[in-house]
Amino acid sequence: MTTLTLGKAMNEGLRKAMENDPKVLVMGEDVGKLGGVFRITDGLQKDFGEERVIDTPLAESGIVGTAIGLALRGYRPVVEIQFDGFVFPAADQIITQLAKMHMRSLGKLSLPVVVRIPCGGGIGAVEHHSESPEAYFTHTAGLRVVACSNPVDAYSMIQQAIASPDPVIFFEPKRRYWEKAEVDVESTDWTPLHSATVVRPGEHVTLLAYGPSVKTCLEAAGAAAEEGRSLEVIDLRSLNPLDIGTVVESVDRTGRCVVVHEAPVYNGFGAELAARITERCFYRLESPVLRVGGFSTPYPPSRIEDQYLPDLDRILDAVDRTFAW
């Protein structure tokens, strides 16, 4: 076992994938000599060369478009979008080309492209650096969408995403990059890429989260335990496809559910979860599925982002409201 930060686990996972397959390429702004803004690709260009770790122009549409061309020629590009808010210039390429090519070619063409997106707030950044754009991509048929929340998953999930024959949008919680855990870098006994994980068993309420919100939910569950309430925390890990079976099994037992994410609640991914749970667990639910998330405003200046982001108090308030029905 090796103690790694989430960022370093991403680095090691990329390194392992590049060692195992010479067709794996890393592309993006400052990913080479600088090693990325968050140093996720640190040392990779030195070890694998400029032909496999490519510093690109500041043109996200061009980066993804080039990756699509490379994938059509048999490569497996891993594209880094430097910050979440910068993915929108590449939305045309991702939504109208990357997601559609397999269907358009009647299954003859595959585009094994991974688009890495550091996401979420909590780092005191300026405008366009703290977005949570997952709903745009979960709504787009043809894309797999996953989100890691800890170093163990970061290490395994990035390798599984790269090995996928389909395009994968890979969300990384930037404010968790420096958190540490023990990672077995020799093991390949991994949780399947599109499986959810029960990270804390409980009996009274199910908390559903992914990416940066998983730790917040674990903290809320710890606080609730002191008051005699047992909260089950599920890390969804995969948003599309969704492991609805694990979710339904949990909610059927607890009868209550709270969904937590940093993106605005209105039309956020939590709405899809609430709808599916209501359809599948209607006669087991003791209260409506509640959602805790960002507000329907542009992401605020960093000095007040703590008022925007879901925190322990807002999650526990939602838990209290589930018992008020």
Side-chain angles (χ1 to χ4, degrees), residues 120 132 134-139 141 144-147 149 153 171 173 191-192 194-296 308-325:
S132 298
E134 61 269 16
Y136 295 102
F137 301 111
T138 57
H139 185 70
R144 297 177 183 266
V145 183
V146 300
S149 68
D153 280 349
F171 285 104
T191 302
H194 298 297
S195 294
T197 302
V198 177
V199 291
R200 178 174 178 135
E203 300 176 2
H204 300 146
V205 182
T206 299
L207 298 184
L208 301 180
Y210 51 89
S213 298
V214 174
K215 182 181 180 182
T216 313
C217 286
L218 287 171
E219 292 170 349
E226 298 177 2
E227 300 178 354
R229 284 180 175 167
S230 175
L231 309 187
E232 179 151 296
V233 181
I234 294 181
D235 182 353
L236 293 174
R237 302 174 75 251
S238 178
L239 309 186
N240 191 13
L242 177 67
D243 181 6
I244 192 64
T246 298
V247 173
V248 167
E249 191 279 330
S250 176
V251 178
D252 274 348
R253 282 189 293 101
T254 65
R256 294 176 172 86
C257 182
V258 175
V259 181
V260 182
H261 55 59
E262 291 190 9
V265 168
Y266 184 75
N267 273 343
F269 186 68
E272 176 68 22
L273 290 170
R276 290 199 182 200
I277 293 165
T278 301
E279 291 171 356
R280 299 283 291 272
C281 306
F282 184 79
Y283 292 106
R284 297 279 189 169
L285 286 171
E286 300 290 339
S287 68
V289 179
L290 299 184
R291 293 170 288 158
V292 180
F295 302 106
S296 293
Y308 177 90
L309 294 170
D311 60 9
L312 184 146
D313 289 337
R314 287 173 60 195
I315 295 171
L316 293 180
D317 175 70
V319 170
D320 288 342
R321 285 188 284 128
T322 66
F323 284 94
W325 289 84

| remark: Residues S230 and P201: closest non-hydrogen pair is OG-O, 4.3 Å

| request: Test side-chain contact (heavy atoms from CB on, under 4.5 Å) on L236 and L273 and set out the steps. | output: CA-CA 11 Å; L236 293 174; L273 290 170; 3.6 Å; yes

| query | Is the closest side-chain donor-acceptor distance between R256 and H204 under 3.5 Å? | reply | no

| task | State, yes or no, whether a side-chain contact exists between E286 and T322 at a heavy-atom distance under 4.5 Å. | result | no

| task | Show your reasoning for whether salt bridge (Lys or Arg N to Asp or Glu O under 4.0 Å) applies to R229 and D320. | result | CA-CA 10 Å; R229 284 180 175 167; D320 288 342; 2.4 Å; yes

| field | Residues forming a side chain to side chain donor-acceptor pair (under 3.5 Å) with R276, sequence neighbours excluded | value | E272

| said: Whether the side chain of R291 engages the backbone of G270 through a donor-acceptor N/O pair (distance < 3.5 Å, no angle test) should be reported. | reply: no

| message | Between S149 and D235, is there a side-chain donor-acceptor contact under 3.5 Å, judged purely by atom types and distance? | response | yes

| said: Can you see whether E134 engages Y210 through a side-chain donor-acceptor pair at a distance of less than 3.5 angstrom? | reply: yes

| Given L290 and C257, is the side-chain contact (heavy atoms from CB on, under 4.5 Å) satisfied, shown in steps? | CA-CA 7 Å; L290 299 184; C257 182; over 6 Å; no

| Any V259 side-chain heavy atom under 4.5 Å of V292 side chain | no

| remark: Sequence neighbours excluded, the answer for side chain to side chain contact (heavy atoms under 4.5 Å, CB included) partners of D252 is V248, C281, R284

| Do you know which two heavy atoms are closest between G202 and T254, and how far apart they sit? | O-CG2, 4.3 Å

| field | From V233, L207, I234, residue fulfilling side chain to side chain contact (heavy atoms under 4.5 Å, CB included) relative to V199 | value | V233

| query | Can you tell me how far OG1 of T197 sits from CG of D153, rounded to the nearest 0.5 angstrom? | reply | 6.0 Å

| task | Over all heavy atoms of both residues, which pair between A220 and I315 is shortest? Give the atoms and the distance, please. | result | CB-CG2, 3.8 Å

| message | Quick check on side chain to side chain contact (heavy atoms under 4.5 Å, CB included): which of V145, V146, D243 does S238 satisfy it with? | response | V146

| Heavy-atom neighbours of Y266 OH exceed 12 at 6.0 Å | no

| said: Quick check: closest heavy atoms across A135 and N267, and the distance to 0.1 Å? | reply: CB-O, 4.1 Å

| field | Nearest-0.5 Å distance that lies between atom CG in N240 and atom CZ in F137 | value | 12.5 Å

| message | Closer than 3.5 angstrom, by distance alone: can the side chain of S213 be matched with the main-chain N or O of T216 as a donor-acceptor pair? | response | no

| For G120 and E262, which heavy atoms make the closest approach, and how far apart are they? | CA-OE1, 3.3 Å

| Going by distance alone, is a donor N or O of one side chain under 3.5 Å from an acceptor N or O of the other, for E232 and T206? | no

| request: Any chance you could lay out the side-chain contact (heavy atoms from CB on, under 4.5 Å) test for L285 and V251, step after step, and finish with the verdict? | output: CA-CA 8 Å; L285 286 171; V251 178; 3.6 Å; yes

| query | Does the S195 side chain pair with the main chain of T191, one donor and one acceptor, at a distance under 3.5 Å? | reply | no

